[in-house]
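Chain letters run A, B, ... following the sequence lines, proteins first, then strands; residues in each count from 1.
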There are 8 protein chains.
Amino acid sequence: MSFSVYLSGEIHTDWREEIARGAQAAGLDVVFTAPVTDHPASDAAGDHLAETGSGFWRDHQSAKVNAIRTRTLIEQADLVVVRFGDKYKQWNAAFDAGYCAALGKPYVTLHDDDIVHPLKEVDAQAQAWCTTTDQVVEILRYVLKG
Amino acid sequence: MSFSVYLSGEIHTDWREEIARGAQAAGLDVVFTAPVTDHPASDAAGDHLAETGSGFWRDHQSAKVNAIRTRTLIEQADLVVVRFGDKYKQWNAAFDAGYCAALGKPYVTLHDDDIVHPLKEVDAQAQAWCTTTDQVVEILRYVLKG
Amino acid sequence: MSFSVYLSGEIHTDWREEIARGAQAAGLDVVFTAPVTDHPASDAAGDHLAETGSGFWRDHQSAKVNAIRTRTLIEQADLVVVRFGDKYKQWNAAFDAGYCAALGKPYVTLHDDDIVHPLKEVDAQAQAWCTTTDQVVEILRYVLKG
Amino acid sequence: MSFSVYLSGEIHTDWREEIARGAQAAGLDVVFTAPVTDHPASDAAGDHLAETGSGFWRDHQSAKVNAIRTRTLIEQADLVVVRFGDKYKQWNAAFDAGYCAALGKPYVTLHDDDIVHPLKEVDAQAQAWCTTTDQVVEILRYVLKG
Amino acid sequence: MSFSVYLSGEIHTDWREEIARGAQAAGLDVVFTAPVTDHPASDAAGDHLAETGSGFWRDHQSAKVNAIRTRTLIEQADLVVVRFGDKYKQWNAAFDAGYCAALGKPYVTLHDDDIVHPLKEVDAQAQAWCTTTDQVVEILRYVLKG
Amino acid sequence: MSFSVYLSGEIHTDWREEIARGAQAAGLDVVFTAPVTDHPASDAAGDHLAETGSGFWRDHQSAKVNAIRTRTLIEQADLVVVRFGDKYKQWNAAFDAGYCAALGKPYVTLHDDDIVHPLKEVDAQAQAWCTTTDQVVEILRYVLKG
Amino acid sequence: MSFSVYLSGEIHTDWREEIARGAQAAGLDVVFTAPVTDHPASDAAGDHLAETGSGFWRDHQSAKVNAIRTRTLIEQADLVVVRFGDKYKQWNAAFDAGYCAALGKPYVTLHDDDIVHPLKEVDAQAQAWCTTTDQVVEILRYVLKG
Amino acid sequence: MSFSVYLSGEIHTDWREEIARGAQAAGLDVVFTAPVTDHPASDAAGDHLAETGSGFWRDHQSAKVNAIRTRTLIEQADLVVVRFGDKYKQWNAAFDAGYCAALGKPYVTLHDDDIVHPLKEVDAQAQAWCTTTDQVVEILRYVLKG
């Protein structure tokens with residue numbers, strides 16, 4: 001049994017690599033995908049296109065280019081992991097979770113205990129809430145190997 | 001022409017009433033719906049059900065009861081307005097926006113200029129970004145009356 | 001705000017009437033629907049049609065006639081209540097719950113504490129688990145009136 | 001012609017192995033999938049996650065982890081076999097059948113004659129009712145080889 | 001409980017009126033719809049449009065105009081009755097049945113015993129097979145009144 | 001039988017009024033809807049929102065506001081009439097036709113004979129091609145009254 | 001470019017082989033699938049299952065087993081060819097065409113000129129009407145090679 | 001990461017080859033597909049089928065054959081590029097864009113600055129607007145390689 005897992009959310013720590021290493025160590029047949037995690041590159045994704053008169057339209061143009069990648073990868077994934085770190089708003093992570101919920105696409109969340117309350121709607125539709133990357137790997141191990 | 005509009009997000013200011021008053025003053029045939037906006041009642045929505053051993057499960061149980069209302073109202077709406085205030089994380093608002101995006105349900109955002117950048121993915125899928133409730137009312141006036 | 005609620009499952013106690021009385025006492029604008037709850041009539045629903053050589057085909061024919069009613073009512077409902085009593089297998093109730101889950105239709109379960117374990121998959125996709133009809137009414141009151 | 005078949009339901013007899021052996025003996029190109037059939041492991045699937053204050057929430061948490069696997073495999077299957085044994089409630093099997101019915105996913109049932117009546121709604125939407133694993137294998141042989 | 005029923009198929013006998021009279025006599029709240037049953041008018045439905053060089057294109061043009069009506073009415077119906085008479089091919093009736101099957105729209109068939117074999121695929125997906133209009137009315141009575 | 005008809009496309013002649021008058025004269029129960037047909041108002045639909053640094057973003061912003069109205073009305077319509085006049089590109093009309101085609105929403109086209117060839121893909125998915133508003137009215141009369 | 005083509009309908013002539021030979025001769029990368037075309041085997045597809053008291057239930061049981069194969073293959077196909085011969089009713093072919101139409105699955109018909117009129121609804125939704133297997137092969141050649 | 005890209009629209013310049021060369025030079029794993037771009041062959045796609053009495057029906061018949069190819073390729077694509085040249089109406093390109101929009105399929109447009117205004121509805125739903133094939137290649141490079 002193989003699985004495709006999209007890793008959504010925080011881009012300032014190496015949680016994606018931790019999960020990938022753990023899955024490899026456990027011998028799991030998982031393909032991991034992700035948004036572009038180079039922050040400046042992501043913000044500039046549309047800068048080669050039309051002139052924009054303000055930060056709003058620059059962001060708008062880049063976000064729509066990024067969505068070509070993220071929307072496709074989310075729809076192809078068997079499972080989405082949504083990570084909320086301890087900095088930044090990360091509304092895009094919550095947005096991805098809502099997107100998954102409406103598609104009926106299974107997702108798990110990964111965040112610390114101190115933000116359980118503001119994330120209650122996001123967690124309520126998730127298949128699981130993890131606080132460590134080891135827990136995510138254990139879920140993958142169980143799902144694929146029983 | 002009539003419209004059903006769901007008002008998602010921030011519950012600590014009277015933006016919903018402002019929009020409703022504006023729509024009424026403009027003679028628009030709009031029915032507004034919303035989540036339960038009484039914060040303590042919303043947090044306690046599931047307290048009369050199963051015992052919960054922790055804050056996580058209390059939140060989980062209440063959030064799932066709230067979703068009975070919110071999911072149905074969002075799916076019945078012709079338009080969703082998603083409001084991000086200047087306090088709190090409001091991940092549930094971003095979650096609703098993602099839910100709308102996946103359903104192909106039109107939504108507009110309502111938030112100040114200083115959070116344009118972290119909301120760029122949410123705004124990129126929106127039909128419009130408003131900074132004042134008057135702008136929301138003007139959109140409704142235009143859509144219904146031309 | 002009004003709601004349509006389908007009451008699925010056990011047909012040997014008056015739990016449907018309890019919920020309807022409770023909703024009326026609370027002044028809720030709810031329309032309740034249900035399968036045909038007259039057991040002999042339900043078993044004989046197809047007897048006026050083709051000859052059947054065995055119990056299997058008699059059941060088959062009647063079950064398909066009943067499905068004309070139940071499938072339509074479930075798809076029209078805003079919420080489904082799935083009741084498991086203390087007698088009989090009630091696989092049809094679990095079947096309705098699975099049907100709701102695949103449609104993304106919200107449902108709540110109503111059953112005693114002693115069958116929590118065998119119903120864990122059914123409860124895991126439900127919006128709430130109730131043990132009394134009063135709890136169902138309270139959910140309806142909260143969802144409709146906040 | 002190849003086929004993917006998900007084997008849902010009873011986990012206390014070796015019916016899954018019987019079908020797999022029969023399909024292999026018949027030279028059929030079928031991939032069989034299943035839920036995790038190690039009962040204690042399945043019940044404990046979420047134990048490494050959040051604290052749970054009661055059996056209900058432990059079951060809830062584990063059932064949601066199991067659903068990551070089962071929902072994905074059911075949606076990928078060309079055919080689902082739903083087995084009801086002579087012990088236990090097996091509401092999860094009926095739940096899977098309802099889930100398939102709503103998706104338009106073909107399924108066959110496998111159960112003894114003495115539970116035809118309580119399973120009539122489940123059988124009515126099935127493509128076939130089998131009483132032996134040989135019959136299931138014969139259906140697969142016919143479907144794949146004509 | 002009310003129902004919308006589309007009456008598909010044969011247009012040379014008064015089976016539609018028989019069902020409507022029976023439903024009225026039984027006091028059922030049913031709205032019946034149908035294709036245009038005036039045969040020459042139906043064949044000429046597109047004659048006021050483009051020139052057509054052959055019978056094929058005349059039929060093509062008229063059939064597409066008729067589909068505006070029939071497709072909409074089938075999709076709005078709660079139940080479809082598909083009638084096969086003893087004359088003509090009535091492939092359009094079988095076509096409507098297939099259309100319903102793919103939509104998950106319940107339908108019942110109405111035809112004599114001597115064409116059971118060639119209609120086996122059509123009947124296999126139907127909720128019931130009737131040989132008389134009284135049986136159709138009895139199904140409607142049961143579904144609506146129990 | 002009643003119908004909702006959305007009138008898409010050209011806004012520089014009074015074809016919408018001709019159809020509406022014809023339908024009224026024929027006593028048809030049809031509700032007609034349309035985009036905002038005041039050209040300057042439509043172009044300015046988003047001008048009260050964010051600053052835009054160029055014609056592209058002004059158009060972008062206004063077009064997304066207009067889509068709130070048009071997308072909703074198209075999805076609610078039973079039939080769409082797509083009009084191509086003898087001036088302007090009217091790519092939005094072709095866009096609406098493609099949108100209908102993907103939704104399975106029936107539409108008819110209304111255009112002169114001299115643009116049959118470049119519109120062949122649009123006409124191929126239409127239910128009918130009309131050259132006069134009288135033909136559109138006749139289709140409506142036939143569909144509603146037979 | 002490769003294609004999967006399902007060949008539905010008549011089973012008494014070798015039209016399927018003609019198309020396959022033609023496609024091979026043209027060097028096309030097409031995989032052809034079909035229902036079980038051994039008539040007695042198809043009629044007996046469910047005979048090893050439950051007892052049936054009449055021809056109706058025998059046909060019913062076999063038709064549902066056959067549908068496991070045909071429904072899956074139709075849904076996997078890129079194109080369906082629906083063949084109407086000069087004998088038998090072939091309602092199952094028309095049923096498949098209606099099934100395709102509702103799914104938005106492209107299909108072409110293959111039948112003689114003398115049954116154009118009774119097949120007008122079936123042809124109206126088809127992508128093409130062919131009278132010879134060479135025409136079907138030519139369509140495939142064009143679609144795959146331009 | 002690999003991608004399938006459908007190149008819709010103008011067939012009189014070599015923009016498709018430019019994009020393909022650019023993608024190859026950038027080492028991208030992209031499969032490009034397109035409609036049949038041989039104009040006379042495309043217009044004649046159905047000429048081997050039924051007699052047609054006019055240009056309208058000839059176009060109709062050929063356009064439906066072409067749609068077998070284009071509809072399938074669009075639905076299989078991860079991204080669609082829609083090109084509007086400086087000649088011809090190219091309503092089929094706008095039609096494809098509308099088709100993508102309704103499916104939720106991401107597309108980008110490729111056209112000069114002087115037709116921004118008449119294409120505003122088409123651009124509003126696009127993920128990006130490009131004026132050069134280099135910009136399209138840069139989007140592909142970013143989406144696939146970050």
Side-chain angles (χ1 to χ4, degrees), chain G residues 1-7 19 22-23 26 28-31 74-82 97 100-117 119-120 122-146, chain H residues 4-9 11-12 14 16-17 20 30-53 56-78 92 95-96 98-105:
Chain G
M1 187 177 169
S2 65
F3 236 56
S4 171
V5 178
Y6 181 79
L7 303 169
I19 291 174
L28 306 180
D29 184 5
V30 179
V31 174
I74 288 175
E75 291 180 5
Q76 291 175 345
D78 295 307
L79 180 69
V80 174
V81 181
V82 186
C100 289
L103 293 180
K105 173 85 59 189
Y107 69 93
V108 301
T109 58
L110 174 61
H111 61 80
D112 287 347
D113 184 73
D114 59 350
I115 49 177
V116 157
H117 189 62
L119 279 169
K120 67 181 191 292
V122 176
D123 286 340
Q125 303 259 0
Q127 297 305 114
W129 161 47
C130 302
T131 54
T132 69
T133 53
D134 283 351
Q135 288 173 321
V136 176
V137 174
E138 170 57 17
I139 286 175
L140 290 172
R141 189 205 59 73
Y142 174 79
V143 167
L144 273 82
K145 298 199 163 178
Chain H
S4 171
V5 177
Y6 181 79
L7 302 170
S8 166
I11 59 174
H12 300 93
D14 66 344
R16 286 185 179 81
E17 289 68 29
V30 178
V31 174
F32 293 102
T33 58
V36 172
T37 56
D38 175 336
H39 199 158
S42 171
D43 283 356
D47 285 359
H48 62 103
L49 298 171
E51 296 283 316
T52 57
F56 178 77
W57 295 112
R58 186 203 178 208
D59 280 343
H60 195 79
Q61 191 167 237
S62 288
K64 292 184 98 170
V65 170
N66 277 301
I68 297 173
R69 176 183 176 108
T70 58
R71 196 158 68 177
T72 299
L73 291 176
I74 287 176
E75 291 180 7
Q76 291 174 346
D78 295 307
N92 59 322
F95 182 85
D96 285 353
Y99 196 86
C100 289
L103 292 180
K105 174 84 59 187

Show the nearest heavy-atom pair for residues [X] and [Y], with the distance to one decimal.
X: G:Pro106; Y: H:Thr72; result: CG-OG1, 4.4 Å
X: G:Tyr142; Y: H:Ala41; result: CE1-O, 3.7 Å
X: H:Leu49; Y: G:Ala128; result: CD1-CB, 3.8 Å

| Between H:Glu75, H:Arg71, H:Gln61, the one whose heavy-atom pairs under 4.5 Å with chain G are most numerous |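 Sorted descending by pairs with chain G, the first entry is H:Arg71.
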| field | Top contributor to chain G contacts, counting heavy-atom pairs under 4.5 Å, from H:Asn66, H:Val31, H:Asp38, H:Thr70 | value |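 Highest number of pairs under 4.5 Å: H:Asn66.
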| said: Other residues, nucleotides and ligands only: do more than 12 of their heavy atoms fall within 6.0 Å of CD on H:Glu51? | reply: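 It does not: H:Glu51 CD has 12 such atoms or fewer within range.
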Residues that [X] engages under salt bridge (charged side-chain N to carboxylate O under 4.0 Å, His left out), provided they are two or more places apart:
X: H:Arg58; result: H:Asp47
X: H:Asp14; result: none
X: H:Asp43; result: F:Lys120

| message | If the contact rule is any heavy atom under 4.5 Å from chain H, which residues of residues 133-140 of chain G qualify, in numerical order? | response |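 When heavy atoms of chain H are the reference, residues 133-140 of chain G contributes G:Gln135, G:Glu138, G:Ile139 within the under-4.5 Å range.
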| query | Is it the backbone or the side chain of H:Ser42 that comes under 4.5 Å from a heavy atom of chain G, or both, or neither? | reply |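 It is both, since atoms from each part get that close.
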| said: Let me confirm one number: the CE-CD distance from G:Met1 to H:Gln76, rounded to the nearest 0.5 Å. | reply: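 Taking CE in G:Met1 and CD in H:Gln76, the distance rounds to 7.0 Å.
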| message | So for G:Tyr107, is it side chain, backbone, both, or neither that comes closer than 4.5 Å to the heavy atoms of chain H? | response |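 Neither; nothing under 4.5 Å.
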| query | Are side-chain heavy atoms of H:Ile68 and G:Val108 found at a separation under 4.5 Å? | reply |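 In contact.
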